[in-house]
**Q** 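Please read through the structure below; I'll follow up with questions.
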Amino acid sequence: MLWPLIKKELFDALRNRWLILYAVIYAILGLSLSYFSSLGLGYLGFRAFGRVSAALINMTLYLVPLMAMSLAGLSIIGERERGTLEVILSQPLSKAEVLLSKYIGITVSIALATALGYGAAAWYLWAILSSGDLIIYLKIMATCILLAATLTGLGLLISTLSRSRFEALGIILMTWLFLLVIYDLILMGAAIGAQLKWEQIFTLLAINPVESARLLMVHALDPSLLVLGPTSAYIAKNIGAILPTLLTSSLIAWTATTLVAALTFFKHQDM
Amino acid sequence: MEAIEVENVSRYYGKTQALEDISFSLNDGSFTLLLGPNGSGKTTLLRCMLGLLKFEGVIRIFGYDVKKQGKEVRKNVGYLPQTVNLYSDMTCFQVIDFFSDLRGIDVTLEETLGAVGLLDKAHVKVGALSGGMKQRLSLAVALLGNPRALLLDEPFSNMDALSRTETIGIMRRLKESGKTIIISTHTLSGLLTMADNVIVLDRGKVLGIMKSEEILKTIPTAYRIYIQQQYHIIDSSAEEISSPTNGWTIIKTHNLQKTLSNLMRLGIDMSSVIIEEPNVDELIMKLSAGGV
């Protein structure tokens, strides 16, 4: 019984003007990347590729969390406020099926919008860039989708816990700000103030899904992580081989934990 | 066979008790009115019966425990919520298609929208329908999958007189088809003659579970018949007949059919007759005062 609900979620999400805007921005960025990359050859071409990839990563880290958390964060509470959740839950479905369908529908719709942008660029780049660049490109895209999947789970948790759409939106914006800006500031302060060891810094980085995704994407582009500074470079030097596995595991753990928590709250709630 | 068993059901909203130790059982194929004023707990009880709200106690529907076998219960029960909440950007056809997909069934528009008189609105968006039409579309959704029981929460709340009469006709056909039906309502109009049982709720408590005949006996003044008549009427079946005032005579009776046939025999023009059905408030006041 999951498919009709997933289909509806996809249908709704793909008509969402914010998601359409997101897809358009990605397509433009992706095509810019291909254009700039194709301008130069050799060293210049690689530099352009790296620079635009870095811009793409930064955009991803701001846009994907906001998109995923707002689509998911407003979904359950939105249906609850409109009263449609009562009709859905009066059908022969379990709450787990309803939540899982929303999760899959939203994640797939963001993945499709992301793939549209990246895909347009990949199509353009196909004949120009090396197979190595394309692999980097695909790795960044895969990380972007994994981040969307992770934060969709967090968004659903926010949605089940909120008492109104307004409250959900507030929590989403605060969480987004915390994960992207405040967490970094706290980490920098702690690293300097408490003289944290590199293992501790890495652990603190890895438990923030946005930081995990940032490290994964930059690692795809430059496995030495030199671009992120000496501490990151030191981390890469020490655990470079298992770094992608650790960071991917962190994102998967986030997804599983938030989904299980969302389901537990949802099951124990009325309607 | 008992279709619905409700045992010691209580429900709180914070510290407020919405349902207090409610127990009753209903036979398969029975037609029951859940009667009570606004805020009496009717909607809460229906939602508990579907597993939409948490509650203390036990509810079994066709032998399935609502708390443990909610999906099985909802497979066998169609639900019409008090407020129609269907997706306003979908057409009637899309709504039927979506909910029949959710139930995993194949249906035709004739048997779904046709049954509630909305076939010509198949491609109209829900948001463009009138309140009564939305209510009938919601009824069509409740009927998907031919459920054995129907829980209908104030099904006439948004309907005009015509829609109401048509919907009562649909209810009558559903009752004849052997479905177990519970209708929550705060008025009796048009339904009392169909009902096998009437459960009267007030402030979360069951005040009484009665047969419709008992209700008519309990209510001090049952039906009121308004007739445009200038002269005095004498009818032995009536409890009270007013003197003609402003051209209207009011007859109070418990035995509606007998009084109407007597009036017809007297040559009264029945097209000008207005019938007002029993007042629920009077019944609740009488039951609250321990009058039954």
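Naming: A, B, ... by sequence-line order, numbering from 1 per chain. When reading the values below, keep in mind they use all heavy atoms of this one structure, side chains included, and skip hydrogens, waters and symmetry mates.
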**Q** Give a yes or no answer on whether the side chain of B/R74 reaches the backbone of A/S90 with a donor-acceptor pair at less than 3.5 Å.
**A** no
**Q** With a 4.5 Å limit on heavy-atom distance, are the side chains of B/D101 and A/K8 in contact?
**A** no
**Q** Tell me, for A/Q269 versus chain B, whether the close heavy atoms (under 4.5 Å) come from the side chain, the backbone, both or neither.
**A** backbone
**Q** Kindly indicate whether the side chain of A/W3, heavy atoms from C-beta on, has any atom under 4.5 Å from the side chain of B/L102.
**A** no
**Q** What's the separation between atom OH in B/Y87 and atom CD in A/E79, rounded to the nearest 0.5 Å?
**A** 3.5 Å
**Q** Taking all non-hydrogen atoms of both residues into account, name the closest pair between A/L93 and B/K71 and its distance.
**A** C-CG, 3.7 Å
**Q** I'd like to check A/L89 versus B/R47 (side-chain heavy atoms, cut-off strictly below 4.5 Å). Are they in contact?
**A** no
**Q** Check whether any side-chain heavy atom of B/R11 sits under 4.5 Å from a side-chain heavy atom of A/D270, and report yes or no.
**A** yes
**Q** Under the rule for ring pair (Phe, Tyr, Trp, His ring centres under 6.0 Å), what residues qualify as partners of A/F178, not counting sequence neighbours?
**A** A/Y183
**Q** Which atoms of B/V73 are under 4.5 Å from chain A, going by heavy atoms: the side chain, the backbone, both sets, or neither?
**A** neither
**Q** Rounded to the nearest 0.5 Å, what's the gap from CD on A/E86 to OG1 on B/T43? Could you check?
**A** 8.5 Å
**Q** Pick from B/N85, B/L144, B/L50, B/D97: which one has the most heavy-atom pairs with chain A under 4.5 Å?
**A** B/N85
**Q** Would you say that B/F98 contacts A/L5 through its side chain, given a criterion of any heavy-atom pair below 4.5 Å between the two side chains?
**A** yes
